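First up is the structure itself, then whatever we jot down about it.
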Amino acid sequence: MSRRLSDESISARNYYLMIAEGSVFWFASSFIDGNSVISVFINEATGSIQLAGLTATLRSCVVIVGQFLIGMWIYRIRNFDSAMHWFAFLTRPLLLLSVPLLLLGVSGTAAAVAVIVLLCLFYFSDGFVGLLWTELGARTIPPRKRASIQGYQQVFGGIAGLLSAVLVKAILDSPRLDFNQRYAIIFGLCGLVFASNAVVLHFIKDLPRNRGRKVNAGQASVRSYLGNFLRLWRADGNYRNLMRCRVLYVLATMGSSLLVLFGKGYAGLTDVQASAMLYLQVGGQVVGGFLWAQLCRRKGNNFQIMFSFGLPLAIALLGAFTHFAGKTGANLVWSIGAMVLLSGMYTSAWIGIANRVIDIVEPAERTNYLVMQSLLQFPFTFAAYFAGLAAELWSFLPVFAAIGLCGLTGFGLSAKLYRERDRIEAKVETSKGA
């Protein structure tokens, strides 16, 4: 009985700690949000929309590479919590290294490349930390509470992110600071908050019975590791359908990092208005986090997936409208603001897919399924780069057409999943077995 009480205590504590940790993570991320701050920094430093899109692509790719590598070796890790703590403490403060570089006068393409490298190293390590975090959550948190963790992370992290929006806007608008000083301060604040995130992660623990226990997730060679993915893919049709939704989700976000640049080019956004878009991005994150958590809890993960695909369709329609209406000289700040708000909401729409995967797969194969989910997304993360390239060569109109098609297709596929949900047997772990 005492051990069961201990497990329940750890589970309850991890639930609140995971919400707090994710809130701090999203707070830190709001300082360098890819839809505004980083893309504007890259564009101003190099003059390239294409490079801004490539940065968003690289950020997604390196997370997947990190997850792939840790998935191959995870079976050798006996204490997941300790491994996660070490990775976090060593890598969370990486962006602080950009501060001396910028203050020493590194500028232009050199400054952009340095920041991109540090971001890639950070998100590569986050692939390690994120997979361990997910496994610990599946082990220690009851199924009904898992979906709400990511949702409340977005809510509280977004509310805290409003503070970062105020700070970032004040810094970017300050006439007393030059380009390097502005971004040195922003990246420095981001690095400090990420360092505090590592502190919160330190208190998340595994259940005592799991410490020192190997998991069925590693393979002796890359060949057998990849072969195991093929076996799992063939074995579960429900998983395959969810992954099609996940790929469409990734493709539907291809233009997210370019919306502010689109607004400056087609809607005449001033620098002050562009920096103010961060408020809407963070506001969308708060609204989306609360909405997705409630939909997952009340209507189920499948309904949330279906509902979320309406957002990229709305973004595409607004984008097409702005593209044509911008030629008339009309004030379209409201249209760009609505697109940024919806994009912020869509940022966390993946939580329904992620939690549904955890629900339906065999616990012993869970890590492999999660890694395979990331691998399947990998080729499609380059969509952000090609979106930037298409915008430079032609216009943003093909980008919005592709986003709208993804939203429409995803809605149809997820509607089928929703209708068939009662015929799918969920292999859900109970709180005792989690």
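Bear in mind that the values here come from a model prediction, so they are computed numbers and not experimental data. Below, all heavy atoms of this structure are taken into account, side chains as well, without hydrogens, waters or symmetry copies.
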Option from Phe128, Phe378, Tyr225 for which ring-ring contact (aromatic ring centres under 6.0 Å, His included) with Phe68 holds: Tyr225
Sole residue of Phe41, Phe31, Phe194 in ring-ring contact (aromatic ring centres under 6.0 Å, His included) with Phe187: Phe41
Tell me if a side-chain donor or acceptor on [X] pairs with a main-chain N or O of [Y] at a distance below 3.5 Å.
X      : Y      : answer
Arg182 : Ser174 : yes
Asn43  : Ser39  : no
Asn79  : Ser82  : no
Thr134 : Gly130 : yes
His202 : His85  : no
Asn180 : Leu102 : yes
Asp81  : Asp206 : yes

Is it true that, when you exclude [X] itself, more than 12 heavy atoms of the residues, nucleotides or ligands shown sit nearer than 6.0 Å to its [atom1]?
X      : atom1 : answer
Phe411 : CZ    : no
Tyr369 : OH    : yes
Phe290 : CZ    : no
Trp86  : CH2   : no
Phe89  : CZ    : yes

Intermediate values then yes/no, side-chain contact (heavy atoms from CB on, under 4.5 Å), Gln373 and Trp350: CA-CA 12 Å; Gln373 174 180 246; Trp350 53 267; over 6 Å; no
Centroid separation Phe309 to Tyr249 less than 6.0 Å: no
Do [X] and [Y] come close enough that some side-chain heavy atom pair is under 4.5 Å?
X      : Y      : value
Phe27  : Asn197 : no
Lys169 : Val272 : yes
Ser60  : Phe380 : no
Thr381 : Val63  : no
Ile336 : Leu259 : no
Glu21  : Leu17  : no
Phe25  : Val200 : no
Trp133 : Asp126 : no

Taking atom [atom1] of [X] and atom [atom2] of [Y], what is their separation to the nearest 0.5 Å?
X      : Y      : atom1 : atom2 : value
Thr367 : Leu131 : OG1   : CG    : 5.5 Å
Asn238 : Asp359 : CG    : CG    : 12.0 Å
Leu172 : Leu167 : CG    : CG    : 11.0 Å
Leu248 : Thr253 : CG    : OG1   : 11.0 Å
Thr55  : Ile32  : OG1   : CD1   : 11.5 Å
Cys296 : Gln304 : SG    : CD    : 4.0 Å

Can you name the nearest heavy-atom pair linking [X] to [Y], along with the distance?
X      : Y      : value
Gly404 : Leu313 : O-CD1, 3.6 Å
Gly344 : Gln281 : CA-NE2, 3.5 Å
Gly158 : Val282 : O-CG1, 2.7 Å
Arg92  : Ala198 : CG-CB, 3.9 Å
Ile353 : Leu242 : CG2-O, 3.9 Å
Asn302 : Leu417 : ND2-O, 3.7 Å

Test side-chain contact (heavy atoms from CB on, under 4.5 Å) applied to Phe87 and Ser125, step by step: CA-CA 7 Å; Phe87 282 131; Ser125 69; 5.8 Å; no
Stepwise salt bridge (Lys or Arg N to Asp or Glu O under 4.0 Å) test for Glu365 and Arg231: CA-CA 11 Å; Glu365 299 283 7; Arg231 175 183 64 82; 3.0 Å; yes
Donor + acceptor pair across side chains of Ser148, Tyr15 (<3.5 Å): yes
Any side-chain donor near an acceptor of the partner, Thr347 and Gln285, under 3.5 Å: no
side-chain contact (heavy atoms from CB on, under 4.5 Å) between Gln154 and Trp292, intermediate numbers included: CA-CA 10 Å; Gln154 297 282 328; Trp292 307 141; over 6 Å; no
Stepwise side-chain contact (heavy atoms from CB on, under 4.5 Å) check, Val399 with Leu258: CA-CA 10 Å; Val399 177; Leu258 308 175; 5.5 Å; no
